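Take a look at the structure below.
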Amino acid sequence: MVRGVLPPGPAAPAAVQTIEWVVRPTDLLRRSAARYGEPFTLRTLWADAPMVLVSDPETIKRVYAAPEDVLRGGASSTVLEPFAGSSSILLTSGEEHLRQRKLMLPPFHGKRMEAHRATVASLADAEVARWTPGRPLRTLPRMQELTLDVILRVVLGTPDPRLRDAIRAALDMTTSLPRLIALSLAPRGSAPWRPFTAAVERVDALLRAAIRERRASPGGGVIDELIAAGAGEDELRDQVVTLLAAGHETTAGSLAWACERLARHPDVVARLREDGDAYLEATVKEVLRVRPVLTVTPRKVVAPFRLGAWTLPPGVHVTPCLYLAHRRAELWPDPTAFHPERFLDGAPAPYSWLPFGGGTRRCAGAAFATMELHEVLRAVVRRFDLVPDRPEGERMRRRGVTLPPARGGRIVPLACARRRSRLGTSL
Ligand code: HEM
């Protein structure tokens, strides 16, 4: 039972706030911050208790640095359980979580990550080579297929088309907003959940078959290490599903945003071709700042947590809001503008740029995702100029837990040479 006074927030019932969280997530965040100031409290059915949102760097630092007996990660992510499973790294905490992190971080860092760079670059090039110049393209589904292919190879050692299709089928069920609203409002196990549960069961059956095969003959993926570390079948299933889902949906959404933004900023594309890696790095950082596909990284309050005039009681959730942190005008002049140059003048202020969250739960695949974003964007701008199919930018629209472009990152790729002659510039 949660007692005590919480920071102000919308008074609408939790069901109404849940619908807004699904249908107009960024409006809800902006409107609440403007009306109530920060921190503010939202009540949705995605969590078992109210969620208090913060976005100033000092408070975010305190949240990410708090020990697990004060703020607990994992305990706030139960919304992910129907797909990720209860022993997923996203849901565990304490010693168990640290053990899982030690196992799952090394394959996605350093030399082991670098070993995948050439494969990512060649898969990206093959993908982009299939684009037809002049024909409008929704980049999101293309990027989903590409990034899922990449992560399947890394985790299972081989692409597995049937598993790939089953994972996409399950995740695509959270694309339709009416269905997502129904899933968010209905108790688990009730009628609206049945098609999703059936899709997850299909993923499970294929995955358990893949696990049995791998036990019999290791295939050179991260799964072999999880098996060697003694993970049981249920845990293996949960970690592999987590890596496959967390490891591609976010990256695909960010890549679709990159295409959507670049199509509206030909100057950035031109500079990407002229400048070296520093500008590419800055562009990727700016995409992740201005369009963070995950907006919150909640932690559950276990022992009373001071937040300015408030003391948050055990049971509620407190969360850095990445979306609002990335739009603070005192930290990011002209915050809504897409301006990669802002990252060329040195590192951003601590705890102001957080697309990968922070602390002991910071994204395990951040370095890998960044490498993928670099290689795919390199492949895109090497071959194409991008123009928007409509001048106005796309809205951030919820699909499951991520917020990719509402119309799927629609662009028209134009062969560079054609554009060069049209504009008479040298690229
Ligand atoms: C642009 C792409 C990505 C973004 C924006 C992103 C963002 C995030 C965020 C915000 C979190 C929560 C952090 C927190 O609670 O503080 C997270 C967790 C996680 N991510 Fe990513 N991610 C991306 C790509 C990836 C990839 C490619 C992988 C796998 C290779 C991955 C694996 C994970 C895992 C395993 C966790 C859970 C970490 C833990 O709880 O200890 N992510 N990610």
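Note that ligands are numbered from 1 as they come in the structure, with each ligand's atoms numbered from 1 the same way. Each residue takes its place number in the sequence, starting with 1. This is a predicted model, so every value here is computed, not measured.
Under the 4.0 Å criterion applied to side-chain N and carboxylate O atoms, Arg271 and Asp267 are not assigned as salt-bridge partners. Glu20 and Arg31 are joined by a salt bridge, as a carboxylate oxygen and a charged side-chain nitrogen come within less than 4.0 angstrom of each other.
Under 4.0 Å from ligand 1, not a single heavy atom of His248 appears. Residue contacts with ligand 1, taken as heavy atom pairs separated by less than 4.0 Å, involve Arg299 solely via side-chain atoms from C-beta onward. When heavy-atom distances to ligand 1 are checked against a 4.0 Å cut-off, Ile151 comes that close only through its side chain, counted from C-beta outward. Of the heavy atoms in Gln100, none comes closer than 4.0 Å to ligand 1.
Side-chain contact annotation: Ser352 with Trp332, donor-acceptor N/O pair under 3.5 Å absent. The closest side-chain donor-acceptor pair between Gln100 and Thr92 falls under 3.5 angstrom.
Screening residues 270-323 for ring pair (Phe, Tyr, Trp, His ring centres under 6.0 Å) gives no qualifying pairs among residues at least two apart or on separate chains. Among pairs with a residue in residues 220-248, none fulfils ring pair (Phe, Tyr, Trp, His ring centres under 6.0 Å), at least two apart in sequence or across chains.
Protein heavy atom closest to atom 1 (C) of ligand 1, with residue, atom name and distance, is Ser254 OG, 3.4 Å. For atom 13 (C) of ligand 1, the closest non-hydrogen atom of the protein is Arg361 O, 3.1 Å. Atom 7 (C) of ligand 1 has as its closest protein heavy atom Pro355 O, 3.5 Å.
Each of the following atoms of ligand 1 lies closer than 4.0 Å to a heavy atom of Arg101: 38 (C), 39 (C), 41 (O). Within ligand 1, counting atoms from 1 as listed, the ones closer than 4.0 Å to a heavy atom of Gly358 are 16 (O). Close approach of ligand 1 to Leu90 (heavy-atom distance below 4.0 Å) involves ligand atoms 36 (C), 37 (C). Those atoms of ligand 1 that come under 4.0 Å of a heavy atom in His97, given as number and element, are 39 (C), 40 (O), 41 (O). Listed by number with element, the atoms of ligand 1 under 4.0 Å from a non-hydrogen atom of Phe108 are 30 (C).
When only interatomic distances are considered, the shortest N/O to N/O separation between Thr242 and ligand 1 does not fall below 3.5 Å.
If you run side-chain hydrogen bond (donor to acceptor under 3.5 Å, both in side chains) between Ser87 and each of Asp234, Asp238, Thr242, only Asp238 comes through.
Applying the side-chain hydrogen bond (donor to acceptor under 3.5 Å, both in side chains) criterion to Arg112, with sequence neighbours excluded, gives Glu225.
Distances from atom 21 (Fe) of ligand 1 under 2.8 Å pick out these protein N/O/S atoms: Cys363 SG.
Without hydrogens or angle criteria, Glu286 side chain to Glu341 main chain gives no donor-acceptor distance under 3.5 Å. A donor-acceptor distance shorter than 3.5 angstrom exists from the side chain of Arg273 to the backbone of Val381, with no hydrogens or angles considered.
Taking the six-membered ring wherever Trp is involved, the centroid distance between the rings of Trp257 and Phe338 does not fall below 6.0 Å.
The shortest distance between side-chain heavy atoms of Arg168 and Leu171 falls below 4.5 Å.
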